[in-house]
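For reference, the structure discussed in these notes is given below.
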Amino acid sequence: MRSIFASFAIALSVGGCTTATYEAAEMSCSDYIGKPISSRIAAYGPPTSVYRINASQVGYVFKTKTTAYVGGAPYYTVNYLTGADKHHTPVRQITRICHGVYVVHAPSDAIPVSERIIVGIQAKG
């Protein structure tokens with residue numbers, strides 16, 4: 001049991017995105033590559049910190065945790081003695097954690113955030 005917990009802790013500390021359950025997340029952290037950093041900020045809030053990596057790149061550090069509830073869709077069973085019975089699928093909680101540095105191409109600080117395009121993600125660790 002300890003080895004499973006240790007493996008999970010190491011996987012989280014390496015960085016990137018992970019879903020706490022085995023369900024697929026609706027949008028992976030890497031899906032933002034090629035889009036402006038402003039879309040990432042609009043979706044999940046402001047970064048933890050921002051720093052210049054080199055003359056042409058800026059790093060935005062994010063650590064977000066989002067929880068969604070899926071399920072609850074109705075379905076029916078037929079009982080020929082009493083008629084149709086309405087049931088609901090179980091509701092499951094899906095928690096997604098994104099932790100890492102979004103690398104943005106920004107050769108100048110004068111470039112607006114809406115024009116800063118994400119070129120990669122570095123694992124934070």
For side chain to side chain contact (heavy atoms under 4.5 Å, CB included), just list the numbers for Ile53 and Val103, CA-CA rounded to whole Å, side-chain angles, deciding distance to a tenth of an Å, and then say yes or no.
-> CA-CA 8 Å; Ile53 296 172; Val103 180; 3.9 Å; yes
From OH (Tyr44) to NZ (Lys65), nearest 0.5 Å | 14.5 Å
Which atom pairs, one a donor and one an acceptor, fall under 3.5 Å between side chains of residues 77-87 and the rest of the protein, sequence neighbours left out?
{"residue": "Thr77", "atom": "OG1", "partner": "His87", "partner atom": "NE2", "Å": "3.0"}
{"residue": "Asn79", "atom": "OD1", "partner": "Leu81", "partner atom": "N", "Å": "2.9"}

pair Val58-Val50: side-chain heavy atoms closer than 4.5 Å = yes
Side chains of Arg40 and Tyr102: is there a donor and an acceptor less than 3.5 Å apart?
-> yes
From CA spacing to verdict: side chain to side chain contact (heavy atoms under 4.5 Å, CB included), Tyr32, Ile37 | CA-CA 8 Å; Tyr32 285 101; Ile37 191 69; over 6 Å; no
Residues clustered with Ile117, ILVMFWY side-chain links under 4.5 angstrom | none
Evaluate the criterion side chain to side chain contact (heavy atoms under 4.5 Å, CB included) for residue pair Val70 and Ile94; output intermediate values, then yes/no.
-> CA-CA 7 Å; Val70 296; Ile94 297 176; 3.7 Å; yes
Decide yes or no on side chain to side chain contact (heavy atoms under 4.5 Å, CB included) for Gln57 and Val104, but give the supporting numbers first.
-> CA-CA 6 Å; Gln57 293 181 333; Val104 174; over 6 Å; no
Identify whether Ile111 and Ile118 are in the same connected component of the hydrophobic contact network (ILVMFWY, side-chain heavy atoms under 4.5 Å).
-> no
Considering only heavy atoms from C-beta outward, does the side chain of Val61 approach that of Pro47 to under 4.5 Å?
-> no
Any idea which heavy atoms bring Pro36 and Ser39 closest together, and the distance?
-> O-OG, 2.7 Å
Phe62 and Val101, any side-chain heavy atoms less than 4.5 Å apart | no
Taking the side chain from Thr89 and the backbone from Ala73, do they hold a donor-acceptor pair closer than 3.5 Å?
-> yes
Donor + acceptor pair across side chains of Arg116, Tyr60 (<3.5 Å) | yes
